[in-house]
Amino acid sequence: MKRLLILGGTAEARALAGLTKDVPKLATVLSLAGRTTDPLDQNVETRIGGFGGVSGLIDYLTDSNVDLMIDATHPFARQMSAHANDAAIRVGLDFLRIDRPVWGRKPDENWIRVPDLAAAVAALPPGARPFCATGRGSLQQFTSRSDIYPLLRVIDQGQAVFPGAGEFVVGRPPFDLEAEIQTLKSLKATHLVVKNAGGTAGRTKLAAAGQLGLPIVIVDRPNLPDGVNIVPDAAAAFAWIKARMNAA
Ligand code: NAP
């Protein structure tokens, strides 16, 4: 029996869990950080919550006899990725990262590229109504500006009242192009703020902003640690797992 740990929180992680669940002699556990109160069914056994840094992850990997680990966390969840890489090296574990290709700019899109979220917030003019698809974790950054009205998309309401000027926009992906256009129009958004997360499903908001002529403030993706073995999607990660199962 091989034991596989998938670090999740993304569609790729869920897809990979679905692919692995019926493979003989493979036991998969998917790990979530626990940021959403009502996560989707992940297809396999799931554990929820942080490990307690690199040392906590090392303990988990050794106590649970994990043989293979796949980091399928979001492209901006770089702390978890760095911890996973460190722990894999120290335990001597077979390790792979799923990293979606970044988005490129389409001709009808007006991109303002910035290095981080603080620069994204600073790039907005006074009076802006930015539609922020940057996650609940970015709330404080946006509310640090009292001269803008952030429209922050969140998966679940969690905190009922928006702290200050602005509002939560509750919705669970995926969103199609028409829905994104309607959302941006009905909220009278003046800008779209996104992280360069990549992926097909999440790109519809950029296409919608392009069609409406809204500037897109886009945060560049942070770098991964050097030397990480990377594949672009769940199918390639599954092939990597099967190769290791066959070699065993
Ligand atoms: P992060 O900054 O890289 O990680 C912060 C801490 O959260 C980690 O050190 C770890 O705690 C814990 N953690 C993160 N992912 C985990 C996982 N899959 N399983 C167990 N613990 C995990 O992560 P983040 O940006 O806050 O993202 C949290 C989760 O949301 C990730 O699973 C990610 O895939 C998902 N997500 C993130 C974004 C985004 O824009 N960042 C967008 C969509 C989904 P310990 O140190 O205690 O182990």
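Side chains included, hydrogens not; waters and symmetry mates left out as well; all remaining heavy atoms used. Atoms within each ligand, like the ligands themselves, are counted from 1 in listed order. All figures in this text were calculated on a predicted structure; none of them were measured in a lab. Quick note: residue numbers are just sequence positions, from 1.
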Worksheet item: Which pair of non-hydrogen atoms, one from Ala208 and one from Leu184, has the smallest distance, and what is that distance?
Response: CB-CD1, 3.8 Å
Practice prompt. Give yes if a backbone or side-chain nitrogen or oxygen of Arg47 is under 3.5 Å from a nitrogen or oxygen of ligand 1, and no if not.
Written response: no
Worksheet entry | Arg78 bridged to Asp71 by N-O distance under 4.0 Å | no
Worksheet item: Mind checking whether Gly52 has an N or O less than 3.5 Å away from an N or O of ligand 1?
Response: yes
Worksheet item: Can you check whether Phe51 has an N/O within less than 3.5 Å of an N/O in ligand 1?
Response: yes
Discussion item. How close do Ala118 and Gln141 get, counting heavy atoms only, and between which atoms?
Written reply: CA-OE1, 3.8 Å
Item to complete: Consider ligand 1: state whether an atom of it lies below 4.0 angstrom from any non-hydrogen atom of Gly49.
Response: yes
Item to complete: Give the residue, atom name and distance (to 0.1 Å) of the protein heavy atom nearest atom 17 (C) of ligand 1.
Response: Ala33 N, 3.6 Å
Worksheet item: Less than 3.5 Å between some nitrogen or oxygen of Ser81 and one of ligand 1, yes or no?
Response: no
Item to complete: For atom 26 (O) of ligand 1, grab the closest protein heavy atom and report residue, atom and distance to one decimal in Å.
Response: Arg35 NH2, 2.9 Å
Item to complete: Pick whichever of His74, Arg78, Glu12 has a heavy atom sitting closest to atom 36 (N) of ligand 1.
Response: His74
Worksheet item: Checking side-chain contact (heavy atoms from CB on, under 4.5 Å) for the pair Thr183/Phe175: CA distance, chi angles, key distance, verdict?
Response: CA-CA 10 Å; Thr183 300; Phe175 306 100; over 6 Å; no
Worksheet item: Does some non-hydrogen atom of Gly53 fall short of 4.0 Å from ligand 1?
Response: yes
Item to complete: Give a yes or no on whether a salt bridge exists between Lys106 and Asp108, defined as a side-chain N under 4.0 angstrom from a carboxylate O.
Response: no
Practice prompt. Return a yes/no value for Gln79: is any of its N or O atoms, backbone included, closer than 3.5 angstrom to an N or O of ligand 1?
Written response: yes
Worksheet item: Quick one: which of Asn85, Asn229, Thr73 gives a side-chain hydrogen bond (donor to acceptor under 3.5 Å, both in side chains) with Arg97?
Response: Thr73
Worksheet item: Would you say Leu32 contacts ligand 1, with heavy atoms under 4.0 Å as the rule?
Response: yes
Discussion item. Out of all atoms in ligand 1, which are within 4.0 Å of some heavy atom of Phe76? Include the element for each.
Written reply: 25 (O), 40 (O), 41 (N)
Item to complete: Identify whether the distance between the nearest side-chain nitrogen and carboxylate oxygen of Asp67 and Arg244 falls below 4.0 Å.
Response: no
Worksheet item: Considering only protein heavy atoms, which is closest to atom 35 (C) of ligand 1, and at what distance to one decimal place?
Response: Gly9 O, 3.8 Å
Discussion item. We want to know whether Arg129 and Thr190 form a side-chain donor-acceptor pair, criterion being a heavy-atom distance below 3.5 angstrom.
Written reply: no
Practice prompt. For a side chain to side chain contact (heavy atoms under 4.5 Å, CB included) with His191, tell me which candidate from Leu214, Leu124, Asn110 qualifies.
Written response: Leu124
Practice prompt. State if Gly8 counts as touching ligand 1 under the rule of any non-hydrogen atom under 4.0 Å.
Written response: yes
Worksheet item: Would you say Gly56 touches ligand 1, if touching means a heavy atom closer than 4.0 Å?
Response: no
Response to the item:
Min over Met80, His83, Lys195, Arg136 of heavy-atom distance to atom 10 (C) of ligand 1 lands on Met80
Worksheet, complete the sentence: shortest atom 19 (N) of ligand 1-to-protein heavy-atom contact is with Ser31 OG, 2.7 Å
Discussion item. Atom CZ of residue position Arg113 - does it have more than 12 heavy atoms of other residues, nucleotides or ligands inside 6.0 Å?
Written reply: no
Worksheet item: Of the protein's non-hydrogen atoms, which lies at the shortest distance from atom 27 (O) of ligand 1, and what is that distance?
Response: Ala77 CB, 3.8 Å
Worksheet item: For Glu167, does the CD atom sit with more than 12 other heavy atoms under 6.0 Å from it, leaving out its own atoms?
Response: yes
Practice prompt. Run the numbers for me: atoms of ligand 1, each under 4.0 Å from some heavy atom of Gly50, listed by number.
Written response: 11 (O), 21 (N), 45 (P), 47 (O), 48 (O)
Discussion item. Check this for me: does any side-chain nitrogen of one of Arg3 and Asp63 sit under 4.0 Å from a carboxylate oxygen of the other?
Written reply: no
